[in-house]
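A short write-up of the structure that comes next.
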Amino acid sequence: MKELRIAELRAADPAGESTLILTGRPIVYDQPTTIKDVFGTYTEIIRAGALEGADLSDIRLLYNHDMSKVPLARTPRTMQFQADPAGLTMTADLPDTEEGRSVYTAVKRGDLSGMSFAFKVPQGGSHFDAKANTRTITKIEKVYEFSITPFPAYPQTSIEARAAIEGTWAKLKDPERSEARIKINQILKRSV
């Protein structure tokens, strides 16, 4: 299942150059984040080393996950990334197009400051601790895209994660499932 997260983004201003360069850290390690999901709210942590062996060969840079538009950059030619102990950083050279200039200007002005990333966790690559209400991701199989987004839930990470919760749901016995359904309906009823 493809998942999304949010992180920080900046416009670089290389001395004397007129290129449109963006830098950011779309993936951060070992920082607890609150994830809001249809099943409720829980904490998530991506552990250091989760990207080891991940497929990072073909990542696109998009605006707001819009795959109907031409990507703003793509690895390895117009976007590079670097893994470090804190996570993953990226540098992208945007095209000199109306959309490229518009996104660059919005980031430079601070109107856009968030990034999101779409990824896949392999089976066994995460663990959900129901007692602590925490999902820990230890392995990311593939990163599909980074997106510049106007509404990051948090400057470091957060928005959507369902696979671990759904896996836990499938393991529940019938009485536990019934109890969980009641709780979910109570939560949904309160939010309506």
Side-chain angles (χ1 to χ4, degrees), residues 1-9 23-62 64-65 75 79 81-90 113-149 151-188 190-191:
M1 173 180 289
K2 189 172 170 181
E3 303 181 39
L4 306 174
R5 294 295 172 276
I6 303 297
E8 186 180 6
L9 178 69
T23 62
R25 182 178 291 279
I27 302 173
V28 292
Y29 289 147
D30 298 321
Q31 296 190 24
T33 289
T34 301
I35 302 294
K36 295 179 182 176
D37 191 275
V38 296
F39 295 103
T41 301
Y42 61 95
T43 300
E44 181 177 271
I45 301 169
I46 299 174
R47 288 290 179 214
L51 287 169
E52 287 179 25
D55 182 356
L56 306 172
S57 63
D58 190 17
I59 303 170
R60 270 69 167 185
L61 179 64
L62 305 175
N64 214 25
H65 304 286
T75 59
M79 182 170 59
F81 53 85
Q82 179 67 44
D84 61 34
L88 189 78
T89 59
M90 71 102 213
S113 61
M115 287 190 74
S116 177
F117 73 103
F119 63 102
K120 179 181 180 188
V121 174
Q123 188 168 2
S126 70
H127 169 73
F128 183 74
D129 180 346
K131 289 182 182 179
N133 198 31
T134 300
R135 178 188 189 202
T136 303
I137 297 174
T138 57
K139 183 78 177 148
I140 293 175
E141 182 176 313
K142 178 164 181 55
V143 175
Y144 296 100
E145 50 109 339
F146 300 141
S147 275
I148 300 161
T149 181
F151 295 108
Y154 291 87
Q156 295 169 335
T157 64
S158 183
I159 61 175
E160 179 181 359
R162 291 186 301 271
I165 301 287
E166 289 171 356
T168 300
W169 177 264
K171 293 176 187 174
L172 294 176
K173 296 178 177 105
D174 286 336
E176 293 170 321
R177 231 183 252 187
S178 296
E179 186 178 324
R181 278 192 187 106
I182 291 168
K183 286 181 182 178
I184 290 169
N185 286 329
Q186 289 171 339
I187 291 167
L188 292 174
R190 276 185 259 150
S191 65

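Treat the numbers as computed from the prediction; the structure is a model and nothing was measured. Quick note: numbers below take in every heavy atom, side chains included, and nothing from hydrogens, waters or symmetry partners.
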Report task. State plainly whether the residues Glu44 and Arg135 are in salt-bridge range, i.e. N to O under 4.0 Å. Result ->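 Yes, charged N to carboxylate O under 4.0 Å.
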Query raised in the report: Is a side-chain donor-acceptor pair under 3.5 Å present for Ser147 with Glu145?
Result: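 The criterion, which ignores hydrogens and geometry beyond distance, is satisfied for Ser147 and Glu145.
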Is there a side-chain contact between [X] and [Y] in this structure, where contact means two heavy atoms from C-beta onward sitting under 4.5 Å apart?
| X | Y | value |
| --- | --- | --- |
| Tyr144 | Asp58 | no |
| Thr89 | Asp84 | yes |
| Thr33 | Val28 | no |
| Ile59 | Phe117 | no |
| Phe119 | Ile137 | yes |
| Phe81 | Leu51 | no |

Query raised in the report: So, the side chain of Thr149 versus the backbone of Asn64: is there a donor-acceptor pair under 3.5 Å, distance only?
Result: no
Query raised in the report: If every non-hydrogen atom of Pro26 is compared with every non-hydrogen atom of Met115, which pair is closest and at what distance?
Result: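 In this case the closest contact between Pro26 and Met115 is CB-CE, 3.9 Å.
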Report task. Please list, chain by chain and in numerical order, all residues satisfying side chain to side chain donor-acceptor pair (under 3.5 Å) with Thr41, sequence neighbours excluded. Result -> none
Query raised in the report: Looking at residues at least two apart in the chain, or sitting in another chain, which of them share a side chain to side chain donor-acceptor pair (under 3.5 Å) with Asp30?
Result: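 With sequence neighbours excluded, Asp30 shows a side chain to side chain donor-acceptor pair (under 3.5 Å) to Arg47, given in chain and number order.
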Query - OG1-CE distance between Thr75 and Met90, expressed to the nearest 0.5 angstrom - result: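 Reported value, rounded in 0.5 Å steps: 11.5 Å.
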